[in-house]
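Worksheet: one structure, shown below.
All values below were derived from every heavy atom in this structure, side-chain atoms included, with hydrogens, water molecules and symmetry-related copies excluded.
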Amino acid sequence: MKFFHLSDLHLGRRIYEFSLIDDQKFILEEILSLAEKERPDAVVIAGDIYDRAVPSAEAVELFDRFLCALAERHIPVLAISGNHDSPERIAFGADLMTPSGVFLSPVYSGHVEPVTLPDAFGEVHFFLLPFIKPVNVRRFYPDAAIESYTDALRCAVEHMNVEPAARNVLITHQFVTGGVRSDSEDVAVGGTDNVDAAVFDRFDYVALGHLHGAQKIARETLRYSGTPLKYSFSEKDQTKAVTVVELGEKGSVSVSSLPLAPRRDMREIRGTYAELTLRDNYAGTNTEDYIHAVLTDENDLPNALARLRSIYPNLMKLDYDNRRTRTSAVIAAQERCRTMTEAELFAELYEKQNGQRMSAEQGAYADAVFAELREGGTP
């Protein structure tokens, strides 16, 4: 069984004042070309199909064309709703689409019935679990101890009929502890949305959505596919790709990727105004790319944004990096530190050192330690 793992299409997304709908149409066509060539047995989409709960008409039309194109190629699609989607809108028409091989996650009801697809080794069970919060699960299991996202996901998984001897794939949209975030993602205060990776141990492969950089968590078969396009300049050095998963017999899973080439890249250019406008420096580059320009001139230039856009029409962002801005940044950082508590400073240090936020339990422990130190005790 070979399937494509995609997520976080964010159809209809805008960055600054720029609509990415044409870029999204281009990249979906590229994915279709790869599907034509690779002939996967299914395409998995792990949430955040749209960028907003009420998507634009052009975003809906784009996804409709993508589904129809895959259905015409007789490639089943298994898609769930993410935190940006409306679960009710994603589920609409699911029963009508199922005969065409398009399987959409229903609104979470306390039970998740698998979609079963056959291959040469038997059956593969795909469990479609949309983005859920503790309150969604607590509604159906009021007697369960559900205080965190980990509790909620553990309860949801325990009520799935996962056969240990069968091959099982989970499609879900959550933040698993240890994942590396990008600037374009929603962030929960204090890392309260963290889910422990051990919750998913009974699955042969877990197709995750939510984080925009492709990455594995804890094991090779617990993965984020990342976005098909770059959605922030923090992703400028990432290579976007389709994740390809191949299931053999029970216990045999291989993962590879197929790079995606966007219509326009997202990149940063840096230098003085004279350097960035010198033809020899930009000739041979795609000036149509989405650009973050960093000017190193000591003095601000009048109408610099408009003047640079005569060369780089998709210039999204302009910043200065000089003595004035660096001094301002230092002063701002000092002022910020003076207004932060010891626990807040420690939490920031922890995140920089570990690449993730402290859990609620760790934060409470740190607060208690600093409170005891302030009182002159020994922690």
Side-chain angles (χ1 to χ4, degrees), residues 7-8 44 46-49 53 78-91 94 104-115 125-164 168-179 181 185-211 217-219 221-224 343 347 350-351 354 356-368:
S7 75
D8 297 270
V44 163
D48 280 358
I49 294 166
L78 303 101
I80 65 169
S81 56
N83 61 300
H84 277 247
D85 299 310
S86 162
E88 292 81 8
R89 284 184 169 84
I90 296 300
L104 303 174
S105 64
V107 177
Y108 182 70
S109 63
H111 296 280
V112 178
E113 294 297 324
V115 174
H125 304 301
F126 291 85
F127 292 83
L128 280 62
L129 179 64
F131 174 74
I132 54 174
K133 298 179 179 180
V135 66
N136 303 129
V137 184
R138 207 179 291 128
R139 173 186 173 192
F140 299 99
Y141 302 104
D143 297 329
I146 300 174
E147 302 298 332
S148 66
Y149 275 74
T150 293
D151 294 337
L153 269 292
R154 182 180 293 113
C155 183
V157 168
E158 286 174 349
H159 286 87
M160 296 179 189
N161 184 24
V162 182
E163 301 175 25
N168 302 289
V169 175
L170 177 67
I171 309 168
T172 193
H173 190 95
Q174 302 289 161
F175 175 59
V176 180
T177 303
R181 296 184 185 269
E185 299 152 10
D186 290 341
V187 177
V189 176
T192 56
D193 56 348
N194 283 15
V195 177
D196 192 319
V199 168
F200 308 115
D201 282 351
R202 65 182 69 185
F203 295 97
D204 296 270
Y205 184 83
V206 181
L208 293 167
H210 191 43
L211 299 188
I217 308 292
R219 57 185 168 98
T221 54
L222 183 64
R223 284 187 171 268
Y224 289 98
Y350 179 94
E351 182 178 350
N354 296 279
Q356 65 186 63
R357 289 174 170 78
M358 291 194 296
S359 66
E361 293 79 7
Q362 290 171 321
Y365 178 75
D367 288 340

Closest non-hydrogen atom pair, Asp201 against Ala197: OD1-O, 3.9 Å
Taking the side chain as every heavy atom from C-beta outward, state whether Asn83 and Asp48 have any atom pair closer than 4.5 Å. yes
Can you see which heavy atom on Asp196 is nearest to which on Ala198, and at what distance? OD1-N, 2.9 Å
I need the minimum non-hydrogen distance between Pro130 and Pro106, along with the two atoms involved. CG-O, 3.8 Å
Heavy-atom side-chain proximity of Val199 to Thr150 below 4.5 angstrom: yes
If we only count heavy atoms from C-beta on, is the Leu211 to Phe175 side-chain gap below 4.5 Å? yes
Which atom names give the shortest non-hydrogen contact between Phe200 and Val206, and what distance separates them? CB-CG2, 3.7 Å
Tell me, do Phe131 and His84 make a side-chain contact under 4.5 Å, heavy atoms counted? no
How long is the span from the CD1 atom in Ile49 to the CZ atom in Arg89, to the nearest 0.5 Å? 13.5 Å
When rounded to the nearest 0.5 angstrom, what distance separates CE in Met160 from NE2 in His111? 11.0 Å
Atom pair CD/CZ of Glu147 and Arg138 - distance to nearest 0.5 Å: 6.0 Å
Could you check whether the rings of Phe127 and Phe203 sit parallel, tilted or perpendicular, using 30° and 60° as the cut-offs? perpendicular
Is Val137 close to Tyr108 at the side-chain level, that is, under 4.5 Å between some pair of heavy atoms? yes
Atom pair CG (Leu222) and CD1 (Ile217), whose distance is rounded to the nearest 0.5 Å: 6.5 Å
Is the shortest side-chain heavy-atom distance between Asn161 and His125 below 4.5 Å? no
Does any part of the side chain of Leu208, heavy atoms only, come nearer than 4.5 Å to the side chain of Thr172, both counted from C-beta? yes
Between Ile90 and Ser81, what is the shortest heavy-atom contact and its length? CG1-CB, 3.8 Å
If I take atom OG from residue Ser7 and atom CD1 from residue Ile171, how far apart are they, to the nearest 0.5 angstrom? 11.5 Å
Just wondering, are more than 12 heavy atoms of other shown residues or ligands nearer than 6.0 Å to CZ in Arg139? no
Return the minimal non-hydrogen interatomic distance between His210 and Asp193, and the atom names on each side. NE2-OD2, 4.2 Å
Answer yes or no: is there a side-chain heavy-atom contact under 4.5 Å between Val112 and Leu170? no
Value rounded to 0.5 Å, distance of CG in Leu153 from CD in Gln174: 4.5 Å
Counting N and O atoms only, with roles assigned by atom type, does the side chain of Asn136 sit under 3.5 Å from a partner on the main chain of Ile132, one being a donor and the other an acceptor? no
Has Tyr224 got a side-chain atom pairing as donor or acceptor with Val176's backbone, closer than 3.5 angstrom? yes
